[in-house]
**Q** 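First the structure, which I've put down as structure tokens, then a few questions once you've had a look.
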Amino acid sequence: MDYTTNVNNFESEVRAVIGGDPGPIRTDESIHRFSTSGKRGDKSGWYVAYANGDFVAGVFGDWREGLTRNYCSKNGTRTTEETLFFKKSLADAEEQRQKVQRKATDRAKFIWRKAADVETHLYLETKGIKAHGAKVYKGMLVVPVHDKDGAIISLQYITPDGNKRFLRGGKTSGGRYLIHGEGDPIICEGFATGASIAEATGRPVVVAFNAGNLVKVAEHEWTIAGDNDAWTTDKDNEPWNP
């Protein structure tokens, strides 16, 4: 197949796996971001594409879901040159991805230091919950996303009207936020749900932030409290960078 066909196939695979509109694909070896939901400000989708003549390689994913996929325009037997190019492309893409996440982590830590302690916020009042350690930054409620060791890796912003965004480029896969309590922990998706459970039961609650992250966070036999979003049309928890 020729170069144009291979690039179009790459775009088609991105659309099929994570959705959104990534095109036109640019094989310039740089990370490109795009919306997977169609919402303004959503840049959770990303890709890096490489070309060596007609041979096209790339990596794409979704920051929000923690999903990453590799692409190669030649699935059969590759030449030695093509194999080396493919491996080099994957290594470069991974290096770029980690660099973006490190920058997001640094920004998350900076914003968290600047954020103010709060006892009330319009979103908290609307939900009838306490802050549970969340802070306020530029009028938005800020919930830290921690790794399994308790270090901040990203942030979730919640506007007064309940619109949620993650820090752009931040790692959320495997991230969680712990609301302290006594007894066996309960794991759930959202912060408001977690706060409500903690206040009703007194038990510790682990907020996983989205359904796809529940299994990654549930390392032990914890009770999972799932949200019933059967009537929800919005795709929530999108990345953002204030």
**Q** Let's go through D92 and Q96 carefully: what are the C-alpha distance in whole Å and the side-chain angles of both, what is the deciding distance for side chain to side chain donor-acceptor pair (under 3.5 Å) to 0.1 Å, and is it a yes or a no?
**A** CA-CA 6 Å; D92 178 77; Q96 290 196 57; 2.9 Å; yes

**Q** Determine whether the aromatic ring centres of residues F209 and F166 are separated by less than 6.0 angstrom.
**A**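 Yes, the ring centres sit under 6.0 Å apart.
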
**Q** Counting only heavy atoms not in E81, do more than 12 sit closer than 6.0 Å to its CD atom?
**A** no

**Q** Can you sort out the partners of Y177 under side chain to side chain donor-acceptor pair (under 3.5 Å), two or more places apart, ordered by chain and number?
**A**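 Not a single residue meets the side chain to side chain donor-acceptor pair (under 3.5 Å) criterion with Y177.
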
**Q** State yes or no: do L84 and L90 share one hydrophobic cluster built from I, L, V, M, F, W and Y residues joined by side-chain heavy-atom distances below 4.5 Å, directly or via other members?
**A**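 They do not share one cluster, since no chain of ILVMFWY contacts under 4.5 Å joins L84 to L90.
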
**Q** Classify the angle between the aromatic ring planes of Y71 and F10 as parallel (below 30°), tilted (30 to 60°) or perpendicular (above 60°).
**A** perpendicular

**Q** When you measure from the side chain of N213 to the backbone of G175, do you find a donor-acceptor pair of N or O atoms at a distance under 3.5 Å?
**A**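 Looks like yes, one N/O pair under 3.5 Å.
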
**Q** Would you give the length of the straight line joining atom CZ of R168 to atom CG of D42, rounded to the nearest 0.5 angstrom?
**A**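 One gets 8.5 Å once the value is rounded to the nearest 0.5 Å.
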
**Q** For the CD atom of E13 and the CZ atom of F60, what is their distance to the nearest 0.5 Å?
**A**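 Reported value, rounded in 0.5 Å steps: 4.5 Å.
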
**Q** Could you tell me which non-hydrogen atom of I129 sits nearest to which non-hydrogen atom of S196, and how far apart they are?
**A** CG2-OG, 3.5 Å

**Q** Check for me, please, whether L122 and V142 land in the same ILVMFWY cluster - side-chain distances under 4.5 Å, paths through other members count.
**A**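 No, no single cluster joins them.
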
**Q** Ignoring hydrogens, what is the shortest heavy-atom contact between A208 and V217? Give both atom names and the distance.
**A** CB-CG2, 4.0 Å

**Q** Between atom CG of N163 and atom CD1 of I158, what is the distance when rounded to the nearest 0.5 Å?
**A**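 Separation between the atoms: 10.0 Å.
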
**Q** How close do F191 and K130 get, counting heavy atoms only, and between which atoms?
**A**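 So the minimum-distance heavy-atom pair works out to CZ-O, 4.2 Å.
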
**Q** Test of understanding: with side chain to side chain donor-acceptor pair (under 3.5 Å), list the residues that count as partners of K99, not counting sequence neighbours.
**A**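 Not a single residue meets the side chain to side chain donor-acceptor pair (under 3.5 Å) criterion with K99.
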
**Q** Any chance you could measure L167, atom CG, to Q101, atom CD, to the nearest 0.5 Å?
**A** 11.0 Å

**Q** Restricting to ring pair (Phe, Tyr, Trp, His ring centres under 6.0 Å), what partner residues turn up for H180, sequence neighbours left out?
**A** none

**Q** Charged N to carboxylate O under 4.0 angstrom, D184 versus R203?
**A**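 No salt bridge links D184 with R203.
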
**Q** Do T80 and F85 come within less than 4.5 Å of each other through their side chains, counting heavy atoms only?
**A**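 With C-beta onward as the side chain, the pair stays apart.
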
**Q** Is there side-chain contact between I111 and L155, with heavy atoms separated by less than 4.5 Å?
**A** yes

**Q** As a test of understanding, state which of N8, N9, D54 forms a side-chain contact (heavy atoms from CB on, under 4.5 Å) with M1.
**A**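 Output: one option passes, namely N9.
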
**Q** V7 versus T27: any side-chain heavy-atom pair under 4.5 Å?
**A**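 Heavy-atom side-chain distance check passes, below 4.5 Å.
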
**Q** Identify the heavy atoms of V59 and A93 that sit nearest to each other, and give their distance.
**A** CG2-CB, 3.6 Å

**Q** Among all residues two or more places apart in sequence or in another chain, which pass the ring pair (Phe, Tyr, Trp, His ring centres under 6.0 Å) test with F86?
**A** none

**Q** Once you round to the nearest 0.5 Å, how far does CD of Q98 lie from OG1 of T105?
**A** 11.0 Å

**Q** Take atom CD of E125 as the centre, draw a 6.0 Å sphere, and report whether it contains more than 12 heavy atoms from other residues, nucleotides or ligands.
**A**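 More than 12 heavy atoms, drawn from other residues, nucleotides or ligands, come within 6.0 Å of this atom.
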
**Q** Taking the side chain as C-beta and beyond, is there a heavy-atom pair between K43 and S35 under 4.5 Å?
**A** no

**Q** Tell me the closest heavy-atom pair linking F55 and C72, and the distance in Å.
**A** CZ-SG, 3.5 Å

**Q** Applying side chain to side chain contact (heavy atoms under 4.5 Å, CB included) to W46 and D62, what does each step give before you reach the verdict?
**A** CA-CA 6 Å; W46 63 274; D62 187 321; 5.7 Å; no

**Q** Would you indicate whether the side-chain heavy atoms of R33 and Y47 approach each other to under 4.5 Å?
**A** no

**Q** Decide yes or no for N52 and Y50: does some side-chain heavy atom of the first lie under 4.5 Å from some side-chain heavy atom of the second?
**A** no

**Q** Please tabulate, for side-chain N and O atoms in residues 145-153, each donor-acceptor pair with protein atoms closer than 3.5 Å (sequence neighbours left out).
**A**
unit_1, atom_1, unit_2, atom_2, d
D147, OD1, D149, N, 2.9
D147, OD1, G150, N, 3.0
D147, OD1, A151, N, 2.9

**Q** Measure the shortest side-chain to side-chain distance between T193 and I197 over non-hydrogen atoms and say whether it is less than 4.5 angstrom.
**A** yes

**Q** Please enumerate all residues that pass side chain to side chain contact (heavy atoms under 4.5 Å, CB included) together with H121, with sequence neighbours excluded.
**A** Y123, L124, V136, L141, P160

**Q** Taking R176 for its side chain and G174 for its backbone only, find out whether a donor-acceptor pair lies under 3.5 Å.
**A**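 Side chain of R176 to backbone of G174: a pair is present.
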
**Q** Would you indicate whether the side-chain heavy atoms of E189 and L214 approach each other to under 4.5 Å?
**A**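 L214 reaches E189 side chain to side chain.
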
**Q** Could you give me the CA-CA distance, side-chain angles and deciding distance for D161 and T159, then say whether side chain to side chain donor-acceptor pair (under 3.5 Å) is met?
**A** CA-CA 5 Å; D161 62 358; T159 62; 2.4 Å; yes

**Q** Looking only at atom types and distance, does a side-chain atom of S73 sit under 3.5 Å from a main-chain N or O of V56, one as donor and one as acceptor?
**A**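 Answer holds: yes.
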
**Q** Looking at S154 and G170, what are the two nearest heavy atoms and their distance?
**A** OG-CA, 3.7 Å

**Q** Got a salt bridge between E82 and K74, using NZ or NE/NH1/NH2 to carboxylate O under 4.0 Å?
**A**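 Looking at E82 and K74, the cut-off is met.
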
**Q** Where do K216 and S173 land on the side chain to side chain donor-acceptor pair (under 3.5 Å) test, with the steps shown first?
**A** CA-CA 7 Å; K216 298 173 185 177; S173 179; 3.1 Å; yes

**Q** Side chains of T36 and S44 only: does a donor on one sit below 3.5 Å from an acceptor on the other?
**A** yes

**Q** For the atom pair OH (Y157) and NZ (K164), what is the distance rounded to the nearest 0.5 Å?
**A**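 These two atoms lie 15.5 Å from each other.
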
**Q** Is the side chain of T172 donor-acceptor paired with the backbone N or O of W63 at a distance under 3.5 Å, no angle test?
**A** yes

**Q** Side chain to side chain contact (heavy atoms under 4.5 Å, CB included) between I18 and L67: does it pass, once the steps are laid out?
**A** CA-CA 9 Å; I18 63 175; L67 181 149; 3.6 Å; yes

**Q** Is the NZ atom of K171 crowded by more than 12 outside heavy atoms at less than 6.0 Å?
**A**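 Atom NZ in K171 is not crowded, with 12 or fewer foreign heavy atoms closer than 6.0 Å.
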
